[in-house]
Amino acid sequence: MTQGDTAKVTQGSPAAAGGGTRRAGVSGVRRATRIATRPGPWKRGPVLAALALLLGLLLLLHAQIPNGTGGLGSLVETFLPWLGLFVPVLLAGALWRRSISAVVALLLPAVVWLNLFGGLLVDKSYPGGDLTLVSHNVAAENPDPAGTARDLAASGADVLALEEISAQAKGTYMKELAKAYPYHTVQGTVGLWSKLPLSGTRPVDIKQDVGPLGATKPAEEKLPSNRALRTTVATDKGPLAVYVAHLGSVRVHPRGGFSTGDRDRNAQALGEALAAEKNKRVVVLGDFNGTMNDRALDGLTSQLRSVQDVAGDGFGFSWPASFPVARIDQILVRGVEPKSAWLLPETGSDHLPVAAGISW
């Protein structure tokens with residue numbers, strides 16, 4: 001080989017084979033190192049496991065969430081069933097990461113959610129019933145009160161409760177419902193139409209007007225804005241005390257949080273009125289602006305049962321009508337037996353009508 005010649009190693013030569021072997025050896029060592037240092041299935045996905053445990057604790061301890069600042073507790077409880085949607089999302093992430101710890105951690109929220117809401121996934125209704133009840137927030141801005149009234153009359157309800165009756169639409173409801181319901185009462189913005197006789201009708205003070213000015217208002221001045229009533233329906237099984245109520249609205253403010261002051265005060269006052277009710281058979285219908293999970297309604301739920309919880313099929317979400325996400329329209333009972341609960345088709349309101357069958 002002369003000076004200046006360049007030594008060439010052709011592919012397949014011993015030198016090349018030796019280099020390939022060394023490279024393969026290094027690559028194998030690196031791969032073995034990665035496998036050896038890779039976290040096992042129990043150590044993978046620690047963030048997913050932590051999120052699963054937090055979700056489970058949130059469902060389990062939702063009643064402990066403070067409500068004093070921004071009504072956070074009530075806000076969470078209003079949409080509590082929807083927290084279950086995070087379980088399959090986290091499960092998909094756990095399976096993708098092949099994390100056994102995350103899968104095991106998801107057992108907590110899954111079990112708690114099923115304990116809270118699993119009973120609502122089955123149909124608990126029974127055929128029959130002595131009395132059919134319907135409650136509907138007809139909405140003050142309803143563009144077709146006449147059509148809404150006709151739809152409700154066609155439901156065949158024996159007792160029909162309406163909330164948020166505007167002064168402009170009051171006459172329309174009275175006219176359209178007169179044929180199907182010979183007995184009715186309207187007390188402010190709430191009313192009751194019945195196929196059975198009514199007696200002992202009166203407005204119920206749920207502390208809508210508060211403060212020094214509210215205390216000085218005479219009853220006739222408060223009546224136009226009254227939001228609750230009590231009457232007695234004469235049934236062939238005896239008298240039935242019926243309450244219709246529209247609790248105060250709730251608002252979500254960017255700075256103030258979940259504002260529920262009026263609703264909470266109304267609920268407490270209504271609970272006190274029900275505690276003083278002498279009739280053993282009681283029905284409460286209305287728009288509560290809150291779900292049965294909301295602690296603010298404990299004064300009501302501790303005294304009465306929700307027909308949807310006892311004899312419904314599914315969650316029975318009633319608001320908003322276009323895409324219901326919460327059941328804030330309620331029918332509660334005491335001293336009678338819920339047989340069935342269901343929703344009626346959408347009307348011109350932003351709420352869906354709720355219905356129930358009860359028996360003695």
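These numbers come from a predicted model, not from an experiment.
- Looking only at distances, a side-chain donor or acceptor of Asp144 sits under 3.5 Å from a matching main-chain atom of Gly147.
- Under the 4.5 Å side-chain heavy-atom criterion for ILVMFWY residues, no single connected hydrophobic cluster contains both Val186 and Val242.
- Between Asp264 atom CG and Arg295 atom CZ the span is 10.0 Å, to the nearest 0.5 Å.
- Although no hydrogens or angles enter the test, the distance criterion places no donor-acceptor pair under 3.5 Å between the side chain of Glu176 and the main chain of Ala149.
- At least one donor-acceptor pair under 3.5 Å links the side chain of Asn142 to the backbone N or O of Val138.
- With sequence neighbours excluded, the residues that form a side chain to side chain donor-acceptor pair (under 3.5 Å) with Arg230 are Thr232, Glu277.
- Two residues are said to be in side-chain contact when any heavy atoms from C-beta on lie closer than 4.5 Å; Leu192 and Leu160 fail this criterion.
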Intermediate values then yes/no, side-chain hydrogen bond (donor to acceptor under 3.5 Å, both in side chains), Asn67 and Ser74: CA-CA 7 Å; Asn67 212 28; Ser74 285; 3.1 Å; yes

Ser302 vs Asp298, side-chain hydrogen bond (donor to acceptor under 3.5 Å, both in side chains): CA-CA, chis, key distance, verdict: CA-CA 6 Å; Ser302 62; Asp298 285 351; over 6 Å; no

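- For Tyr243 (side chain) and Val204 (main-chain N/O), no donor-acceptor pair under 3.5 Å exists by modelled atom type.
- At least one side-chain heavy atom of Val104 sits under 4.5 Å from a side-chain heavy atom of Ile100.
- Side-chain contact check for Val103 versus Leu106: every heavy-atom pair is 4.5 Å or farther apart.
- Annotation: the span from His351 atom NE2 to Leu343 atom CG amounts to 13.0 Å, rounded to 0.5 Å.
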From CA spacing to verdict: side-chain hydrogen bond (donor to acceptor under 3.5 Å, both in side chains), Thr347, His136: CA-CA 10 Å; Thr347 70; His136 188 31; 2.8 Å; yes

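- Atom CH2 of Trp360 has more than 12 heavy atoms from other residues, nucleotides or ligands within 6.0 Å.
- Residue Leu53 holds its CG atom at 6.5 Å from CG of Leu57, rounded to the nearest 0.5 Å.
- Between the side chains of Ser125 and Asp313, not a single donor N or O lies within less than 3.5 Å of an accepting N or O.
- At a threshold of 4.5 Å between side-chain heavy atoms, the hydrophobic network of Ile, Leu, Val, Met, Phe, Trp and Tyr places Val354 and Phe317 in two separate groups.
- The heavy-atom pair separating Leu270 from Ala245 by the smallest distance is CD2-CB, 3.8 Å.
- Using a 4.5 Å cut-off between side-chain heavy atoms of Ile, Leu, Val, Met, Phe, Trp and Tyr, with links allowed through other members, Leu116 and Ile65 fall into the same hydrophobic cluster.
- Atom NZ of Lys124 sits in a crowded spot, with more than 12 heavy atoms from other residues, nucleotides or ligands closer than 6.0 Å.
- In this structure, Val112 is a member of the same hydrophobic cluster as Trp82, with clusters built from ILVMFWY side-chain heavy atoms closer than 4.5 Å.
- Looking at Arg227, its side chain does come within 3.5 Å of a backbone N or O of Leu247 through a donor-acceptor pair.
- Proximity of a side-chain donor or acceptor of Gln308 to a complementary backbone N or O of Gly314 within less than 3.5 Å is detected.
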Verdict with supporting geometry, Phe288 and Leu332, side-chain contact (heavy atoms from CB on, under 4.5 Å): CA-CA 11 Å; Phe288 289 1; Leu332 309 182; 3.5 Å; yes

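- The distance from the OG atom of Ser135 to the NE2 atom of His246 is 10.0 Å, given to the nearest 0.5 Å.
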side-chain contact (heavy atoms from CB on, under 4.5 Å) between Trp193 and Tyr173, intermediate numbers included: CA-CA 10 Å; Trp193 279 258; Tyr173 290 115; 4.2 Å; yes

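- Interatomic distance, Leu304 CG to Ile331 CD1, rounded to the nearest 0.5 Å: 12.5 Å.
- For Ala139 against Ser349, the heavy-atom pair with the smallest separation is CB-OG, 3.5 Å.
- Taking Arg327 as the reference, nothing meets the salt bridge (Lys or Arg N to Asp or Glu O under 4.0 Å) condition, with sequence neighbours excluded.
- With hydrophobic clusters built from ILVMFWY side chains whose heavy atoms lie under 4.5 angstrom apart, Trp319 does not share a cluster with Trp342.
- The shortest non-hydrogen separation linking Thr148 to Gly348 is OG1-N, 3.5 Å.
- Between Glu141 and Glu164, the closest side-chain pair of non-hydrogen atoms falls below 4.5 Å.
- Here the shortest heavy-atom pairing between Arg263 and Val250 reads CB-CG1, 3.9 Å.
- Looking only at distances, no side-chain donor or acceptor of Glu163 sits under 3.5 Å from a matching main-chain atom of Thr189.
- Atom CZ of Arg202 is surrounded by more than 12 heavy atoms from other residues, nucleotides or ligands within 6.0 Å.
- Members clustered with Leu54: none, using a 4.5 Å side-chain heavy-atom cutoff among hydrophobic residues.
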Throw together a table of side-chain donor-acceptor distances under 3.5 angstrom for residues 234-241, partners on residues two or more places apart or in other chains.
residue	atom	partner	partner atom	Å
Thr235	OG1	Lys237	N	3.1
Thr235	OG1	Gly238	N	3.2
Thr235	OG1	Gly238	O	2.5

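- A tilted orientation is assigned to the rings of Phe315 and Phe117, their planes being inclined by 30° to 60°.
- Partners of Asn226 according to the side chain to side chain contact (heavy atoms under 4.5 Å, CB included) rule, which considers only residues two or more places apart in sequence or in another chain, are Gln187, Val190, Pro203, Leu223.
- Judged purely by atom type and a 3.5 angstrom limit, Asp287 has no side-chain atom pairing as donor or acceptor with the backbone of Asp329.
- For Trp113 and Phe86, the ring centers sit 6.0 Å or farther from each other.
- Here CD of Gln330 is found 7.5 Å from OG1 of Thr291. Values are rounded to the nearest 0.5 Å.
- Checked for salt-bridge contact, Asp130 and Lys339 miss the test: no charged N lies under 4.0 Å from a carboxylate O.
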Steps toward side-chain contact (heavy atoms from CB on, under 4.5 Å) verdict (Leu177, Leu162): CA-CA 11 Å; Leu177 296 171; Leu162 302 186; 4.1 Å; yes

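- Listed here is the closest heavy atom pair of Ser194 and Val159: OG-CG2, 4.2 Å.
- The two atoms that bring Leu72 and Pro66 nearest to each other are CB-O, 3.8 Å, heavy atoms only.
- Checked for salt-bridge contact, Asp262 and Arg265 meet the test: a charged N lies under 4.0 Å from a carboxylate O.
- A side-chain donor-acceptor contact under 3.5 Å links Ser306 to the backbone of Asp309.
- Judged by distance alone, the side chain of Asn289 and the main-chain N or O of Gly248 form a donor-acceptor pair under 3.5 Å.
- Note on Lys207 versus Glu272: no salt bridge recorded, every NZ/NE/NH1/NH2 to OD/OE distance being 4.0 Å or above.
- For Arg334, the salt bridge (Lys or Arg N to Asp or Glu O under 4.0 Å) criterion is met by no residue, not counting sequence neighbours.
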Residue pair Phe258, Val252: steps toward the side-chain contact (heavy atoms from CB on, under 4.5 Å) verdict: CA-CA 5 Å; Phe258 197 43; Val252 179; 3.5 Å; yes

